[in-house]
Number of protein chains: 2
Amino acid sequence: MDGRVSTARRATSADVARLAGVSRTTVSFVLNDTPEQSISAETRRRVLAAARELAYAPSAEARALGRGHSTSVLLYLPPAGSLTEDIGDIIERLSVLFDEAGLSMVIHAWTRRPAAQVWSSVTPAAVLAWDLEDDDAERMRRNGVRGVVSWTGSDVMGRWITGPREQDIAGVQVQRLTSAGHTHLGYAVTGGDHMHGVSQWRFEMLRRECTSRGLPAPRMLHLPAEPGGAAAALSTWRAENPAASGVCAHDTTAALAVLSGMRQLGWAAPRDLAIVGVNDSRAAALADPPLTMVALDTDVTARYIVAVITALVQGAPAPRLPATAGASIVDRDSV
Amino acid sequence: MDGRVSTARRATSADVARLAGVSRTTVSFVLNDTPEQSISAETRRRVLAAARELAYAPSAEARALGRGHSTSVLLYLPPAGSLTEDIGDIIERLSVLFDEAGLSMVIHAWTRRPAAQVWSSVTPAAVLAWDLEDDDAERMRRNGVRGVVSWTGSDVMGRWITGPREQDIAGVQVQRLTSAGHTHLGYAVTGGDHMHGVSQWRFEMLRRECTSRGLPAPRMLHLPAEPGGAAAALSTWRAENPAASGVCAHDTTAALAVLSGMRQLGWAAPRDLAIVGVNDSRAAALADPPLTMVALDTDVTARYIVAVITALVQGAPAPRLPATAGASIVDRDSV
DNA sequence: TCACCAAGCTAACACGCGTTAGTACCGCGG
DNA sequence: CCGCGGTACTAACGCGTGTTAGCTTGGTGA
């Protein structure tokens, strides 16, 4: 119950040096396996033993200070309310992978206050943002951030990350619906989401996919989050687009909202309307009927993001998108 | 498309000093409003102007190096897969609040590798963990971490954070079910979750709540994630506990799983089984029937967590739990 | 005139690390 | 005996802060 502050001081490389009876420099050479330096086996053994005994771990701050940039990656969270299960999965994955790459992930919510103050607090090696203005990106670069990557924005980097991915998603969705005989499609999204970059981008990809296959352009279906409103929005949308028989939902919530509205109207899926959602989740699997979803391979996606960022941090050319696209269909009963 | 590295160097306090025509020390005095130091109005003005012109932001690393600890709070993520919508909300809230408190939040996934190496990468001022072993906590304290807080563990700090909260949740759940006439209750949880500290802890709280009200102890209902298995588990559970008429679900997924199993068995909620879930979500509101849930006030919770941690970091006594408990019922149709 | 004080500012150190430029030692060919 | 090269190590610097001790300058009382 006490708020007592431990006075324990963590071990420094000087402590290790003292215990091993060598200089601090030698400790650094041993622990970093500095090439072109010859250390006798006996000395190396003593240093390692001392380090282990003191549970020595180098200070990231001091290291960053010397090198000029830290090993932390600043991740801007998506707009409020969109930290959902699937995004959570990717973040979890990213955390592990960055860890393995020797980087640590710092998370900040996306607020509109002067960006400088935010990244000043960490001096990140790279910034991974959900959606990034061009001038923000440029300002970050000018302040020494080595990698600036956005998931959805107009920055070139962004397309590397999610652009092709979004295209794959749209492709899988349309493919599944057309193979079931649906040609007139809709794009369903809930709440204020339709204003965000992600859904704009995905809607655009969907449009391109449809025109490239010679299908009519998809029709936007904007649903409120409450069940009652969903039914109303659904019936007016059907009245305006009588031919539409299949809908691509933006996420699990949108798919569930469509389902809920249909239930109120006495419609059944897929008989009256077929649904393909994006980002599989437990809620989607447990819905009635269980939802057919496009699953994003979070591991592939996360791995690629980490590969791009580590490359940028090291000044190497960024890798090309992996061949395995990472978007696959999970067939259930809503198509 | 180029991975070019910007050569731009960020401004340091020395740059500001040069531009303002004063010493670096004076710059530091002005920018930190160091008390007991007298700076002329004119000098102060020049320094502030120079700092603004250069868009100067102090280096967090250098500051941390001097002070001995950083301003970052290390947040251990819950075990894989449990980063759900509501937890996401809290994390989002935490990020904003820590930001306002001048702390930055670093996220690490919970892996079982030597903890030392993890927190060495950030030298955190505090650690906020989902579940923490006592010896891990002690080791962190010894290594200079000022605040060690766990959400669910046996650490005293943990009880400050979520202990009373869990108790409130259990209280609200039981209250709602008993007021609807249900006295024989169950506790539903999915997947491997029943092994984790959170659900153990909540089950325990539920048990205490029931005995304190003179009700029989709740019966654990463990559901697999797939719909089919849910139906089977549900019917054997009912066979073993024929009197049980109400169930407290651990989260949205558990509530949906119960619902899905009931659907397969031809049961209807609340007629055949009443359900109260925890942590309201959009999926719960869109279920059939819409689920009655206990909503955790994420803002109150997050605010309290931040208050405790900032107090610990500053060496002040931690505040008492706020009066508003932050757990309230969201009435829908499953009770 | 001298001592003294406050105001306003600066030199210099510490923080913990990586790294460059060295130093001491030793064996060996000339 | 001298020079040379390789091995094994160390002194010292810089990274950008915050902070302590001290330095000048001008004014004031004795």
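Note on naming: letters A, B, ... go to the chains in the order of the sequence lines (proteins, then strands), and numbering restarts at 1 for each one.
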Measure [atom1]/[X] against [atom2]/[N] and give the value in whole Å, please.
X	N	atom1	atom2	value
B:R46	C:dG8	CZ	C1'	12 Å
A:I39	C:dT19	CD1	C1'	13 Å
A:D33	C:dG18	CG	C1'	14 Å
A:E61	D:dG18	CD	C1'	15 Å
A:E42	D:dT7	CD	C1'	16 Å
A:L31	C:dG16	CG	P	16 Å

Any side-chain N or O of B:T43 under 4.0 Å from OP1/OP2 of C:dC9?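 Checking B:T43 against C:dC9: at least one side-chain N or O falls below 4.0 Å of OP1 or OP2.
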Does C:dT10 have OP1 or OP2 sitting under 4.0 Å from an N or O in the side chain of B:T26?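 Looking at the OP1 and OP2 atoms of C:dT10, one of them is under 4.0 Å from a side-chain N or O of B:T26.
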How many angstroms lie between CD1 in B:I309 and OH in B:Y304, if you round to the nearest 0.5 Å?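 Taking CD1 in B:I309 and OH in B:Y304, the distance rounds to 11.0 Å.
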Inter-residue atom distance B:E92.CD - B:M105.CE, 0.5 Å rounding: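 One finds 9.5 Å between CD of B:E92 and CE of B:M105.
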Letter by letter from the 5' end, nucleotides 11-17 of chain D scores (B base, S sugar-phosphate only, - none; protein heavy atoms under 4.0 Å) BB--BBB
Distance-only, no hydrogens or angles: does the [X] side chain make a donor-acceptor pair with backbone N or O of [Y] under 3.5 Å?
X	Y	value
B:D99	B:S95	no
B:D15	B:T12	yes
A:T310	A:V306	yes

Are the side chains of A:V73 and A:V127 in contact, using a 4.5 Å heavy-atom criterion?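 Not in contact.
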With a 4.0 Å cut-off on N to O distance, would you call B:R44 and B:D33 a salt bridge?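 Yes, B:R44 and B:D33 are salt-bridged.
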In degrees rounded to 10°, what angle is found between the helical axes fit to the five outermost pairs at each end of the helix from C:dT1-D:dA30 to C:dG30-D:dC1?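 Angle reported: 80°, given to the nearest ten degrees.
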Candidate list B:L31, B:T25, B:V30, test side-chain contact (heavy atoms from CB on, under 4.5 Å), partner B:V27, passing option: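 With B:V27 as partner, B:L31, B:T25, B:V30 yield a single side-chain contact (heavy atoms from CB on, under 4.5 Å), made by B:L31.
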Scan the side chains in residues 45-58 of chain B for donor-acceptor partners under 3.5 Å anywhere in the protein, sequence neighbours excluded, and list what turns up.
residue: B:R45; atom: NH2; partner: B:E42; partner atom: OE2; Å: 3.3
residue: B:R46; atom: NE; partner: B:A20; partner atom: O; Å: 2.9
residue: B:R46; atom: NH2; partner: B:A20; partner atom: O; Å: 3.0

